[in-house]
Amino acid sequence: MRRYGRHWRDSASVIVLARNTNNELDRDGYNYKVLVFKRTEKTSSFPNHIVFPGGSFDPQDDGTDWMRLFSEQAIAPEKLRTVTTVTGPRPYIFRQMEGDKLDRNISVRLCALRECFEELGVLLVATSGAEDGYSTARTGFDVPGWQTDVHDGRKTFRELYEQLQETPDLWSLYEWSTWITPTHFPRKRFETAFFLAALNEACPVFPEKHEVQEYMWESPHTLLSAHSEGNLWLAPPQAYELHRLSHVRDINVIVRLAKERKRFGTTTFCPVGFNAADGFIGVLPGDDLYPGQFDYIADNEDTNRYEELTMRQLAERARNLHRVEHTGLHSQTYLHNGPSVDGHLHVLGRNEWVSKL
């Protein structure tokens, strides 16, 4: 068992963006859309939630047969090292442990790619010689058949790439963020690595009937508006990531950012909750209320310490803010007065440097 394996499960998700047809701008000025779907009521994790494709780590994601596939496809070790060499903060999910067969920067990506295919039938493949930073969705094969066989365990995900003579796109699958389920949800917790992939055009989607109620390609603004209006519900990580994206309307800029920020690593986000007189606050790294040396396991003994103060009073007392104020299931306010974390997009859009990309 991996360290902390008894406290949470490892999982991975892909934020898939696709350029609008003919690069057209929508009414809000975006030239791209995001792929999300609504889970069915019967799914074991996050029923009825709007999510990015993703799911739990599986032993096949860490098989040595992947390295054999890369060798057969003449993928040079130097090319793989461009994926495995990362500087900056490293979440637990990426840390190598005894018994791991693959570098975790590879196996966690393979998990994300597999789940994206199992749930929505989107198979991301590396395109030889492509330097634009965009991925490619492979079509033209029996997607539903393979999707069912991989999902049900009759065939492995690696066998699909092998038969198609394709390579999983590890290089245009960019490390984006990592979230750990807060400790006040003790029954089912996950450490989820979010990646970002961009397509030059929207691809066909094949929703898996047991897990997917409906899917949609929408702009970040449209999804956030629907959440605020109560027409759909976004869990805190999805809402936060869409807020970050919502401030950048050009998909090319997002891809350039994703390529550039690799050297900064990823700070783990695990919200710590505090009750206030008029709502609930989830604080994030950098906030004055965030516990020092937090182990992501211990309960917050100060949850009710400030329950007689309003959220505004708590904010006025803090010098450093990085928090989400919740006044209802569909009503959140984001406060972050510091710089963006790890050279990332700022949740409030303070991205002046983005214009240089």
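All values below were derived from every heavy atom in this structure, side-chain atoms included, with hydrogens, water molecules and symmetry-related copies excluded.
L335 and F274 are assigned to two separate hydrophobic clusters, defined by single-linkage of ILVMFWY side chains at heavy-atom distances under 4.5 Å. Under the 4.5 Å side-chain heavy-atom criterion for ILVMFWY residues, no single connected hydrophobic cluster contains both L102 and M97. Hydrophobic clustering (side-chain heavy atoms under 4.5 Å, transitive across Ile, Leu, Val, Met, Phe, Trp, Tyr) groups W146 together with L113.
For the 3.5 Å distance criterion, the side chains of T222 and S219 qualify, holding a donor opposite an acceptor. A donor-acceptor contact closer than 3.5 angstrom links the side chains of T136 and T127. N23 and N31 form a side-chain donor-acceptor contact under 3.5 Å, judged by distance and modelled atom types alone. For the residue pair N252 and Y134, a side-chain donor N or O sits within less than 3.5 Å of a side-chain acceptor on the partner. Residues D278 and T310 have side chains that never bring a donor and an acceptor to within less than 3.5 angstrom of each other.
Residues F269 and H322 bring their aromatic ring centres within 6.0 Å. A distance of 6.0 Å or more separates the ring centres of H346 and Y334. Close placement of the Y296 and F294 rings is indicated, their centers lying within 6.0 Å of each other.
Two residues are said to be in side-chain contact when any heavy atoms from C-beta on lie closer than 4.5 Å; L234 and L242 meet this criterion. Y290 has its side chain within reach of V272: a pair of non-hydrogen atoms, C-beta onward, lies under 4.5 Å apart. When side chains are defined from C-beta on, R3 counts as touching Y92, because their heavy atoms get closer than 4.5 Å. Contact annotation: the side chain of L321 never approaches that of V283 to less than 4.5 Å [non-hydrogen atoms, C-beta and beyond]. F157 is not listed as a side-chain neighbour of D61, based on a closest heavy-atom distance of 4.5 Å or more. Side-chain contact between V122 and F206 is absent, with no heavy atoms from C-beta onward closer than 4.5 Å. No side-chain heavy atom of V34 sits less than 4.5 Å from a side-chain heavy atom of E218. Residues V125 and L164 have side chains not in contact (no heavy-atom distance under 4.5 Å, counting atoms from C-beta outward).
A donor-acceptor pair under 3.5 Å is formed between the side chain of T148 and the backbone N or O of P144. Within the 3.5 Å criterion, the main-chain N or O of H227 finds no donor-acceptor partner in the side chain of W233. Here the side chain of E211 pairs no donor or acceptor atom with the backbone of P207 at under 3.5 angstrom. Without hydrogens or angle criteria, Y174 side chain to G133 main chain gives a donor-acceptor distance under 3.5 Å. Put simply, the side chain of N105 never gets that close to the backbone of F94: no donor and acceptor are under 3.5 Å apart. Between the D58 side chain and the Q60 main chain, a donor and an acceptor come within less than 3.5 Å of each other. Of the possible polar contacts, one joining the H330 side chain to the L232 backbone as a donor-acceptor pair under 3.5 Å is found. Without hydrogens or angle criteria, N320 side chain to G286 main chain gives no donor-acceptor distance under 3.5 Å. With D302 contributing its side chain and R305 its backbone, the two residues share no donor-acceptor pair below 3.5 Å. Using a distance-only test at 3.5 Å, with no hydrogens or angles considered, no donor-acceptor pair links the side chain of T192 to the main chain of S11.
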Dump the intermediate steps for side-chain hydrogen bond (donor to acceptor under 3.5 Å, both in side chains) on D342 and T267, then the final yes or no. CA-CA 7 Å; D342 306 324; T267 296; 3.0 Å; yes
Chi angles and distances behind the side-chain contact (heavy atoms from CB on, under 4.5 Å) call for I281, H326: CA-CA 6 Å; I281 300 169; H326 300 264; over 6 Å; no
Apply side-chain contact (heavy atoms from CB on, under 4.5 Å) to W176 and I15, showing your working. CA-CA 9 Å; W176 190 255; I15 305 171; 3.6 Å; yes
Passes side-chain contact (heavy atoms from CB on, under 4.5 Å), V16 versus W217? Steps please. CA-CA 9 Å; V16 181; W217 289 99; 4.0 Å; yes
Test side-chain contact (heavy atoms from CB on, under 4.5 Å) on L245 and L17; report intermediate values, then the result. CA-CA 10 Å; L245 288 169; L17 312 183; 4.3 Å; yes
Test log, rule side-chain hydrogen bond (donor to acceptor under 3.5 Å, both in side chains), inputs D169 and S135: CA-CA 7 Å; D169 195 356; S135 189; 2.7 Å; yes
Might you work through the side-chain hydrogen bond (donor to acceptor under 3.5 Å, both in side chains) test for E241 and W179, ending with a clear yes or no? CA-CA 11 Å; E241 298 306 343; W179 290 76; 2.8 Å; yes
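Heavy atoms of other residues, nucleotides or ligands lying less than 6.0 angstrom from CD of E316 number more than 12. Within a 6.0 Å radius of CD in E308, no more than 12 heavy atoms belonging to other residues, nucleotides or ligands are found.
Under the 4.0 Å criterion applied to side-chain N and carboxylate O atoms, D65 and R158 are assigned as salt-bridge partners. With respect to the salt-bridge test (charged N to carboxylate O, under 4.0 angstrom), the residues E208 and R39 do not qualify. Salt bridge E201/R19: absent, no basic N to carboxylate O contact under 4.0 Å.
The salt bridge (Lys or Arg N to Asp or Glu O under 4.0 Å) contacts involving residues 80-99 comprise E78-R81, R90-E175, where partners must be two or more places apart or lie in separate chains. Each salt bridge (Lys or Arg N to Asp or Glu O under 4.0 Å) pair with one or both residues in residues 142-154, not counting sequence neighbours, appears once here: D149-R154, D149-K155, D152-R154.
Residues satisfying the salt bridge (Lys or Arg N to Asp or Glu O under 4.0 Å) test with R104, not counting sequence neighbours, are D10. In this structure E118 satisfies the side chain to side chain contact (heavy atoms under 4.5 Å, CB included) test together with R114, E115, V150, H151, sequence neighbours excluded. Checked against side-chain hydrogen bond (donor to acceptor under 3.5 Å, both in side chains), S71 has no partners two or more places apart in sequence or in another chain. Annotation: side chain to side chain contact (heavy atoms under 4.5 Å, CB included) contacts of I75 (sequence neighbours excluded): F70, Q73, K79, L80, T167, W171.
Rounded to the nearest 0.5 Å, atoms SG (C116) and CZ (F52) are 12.0 Å apart.
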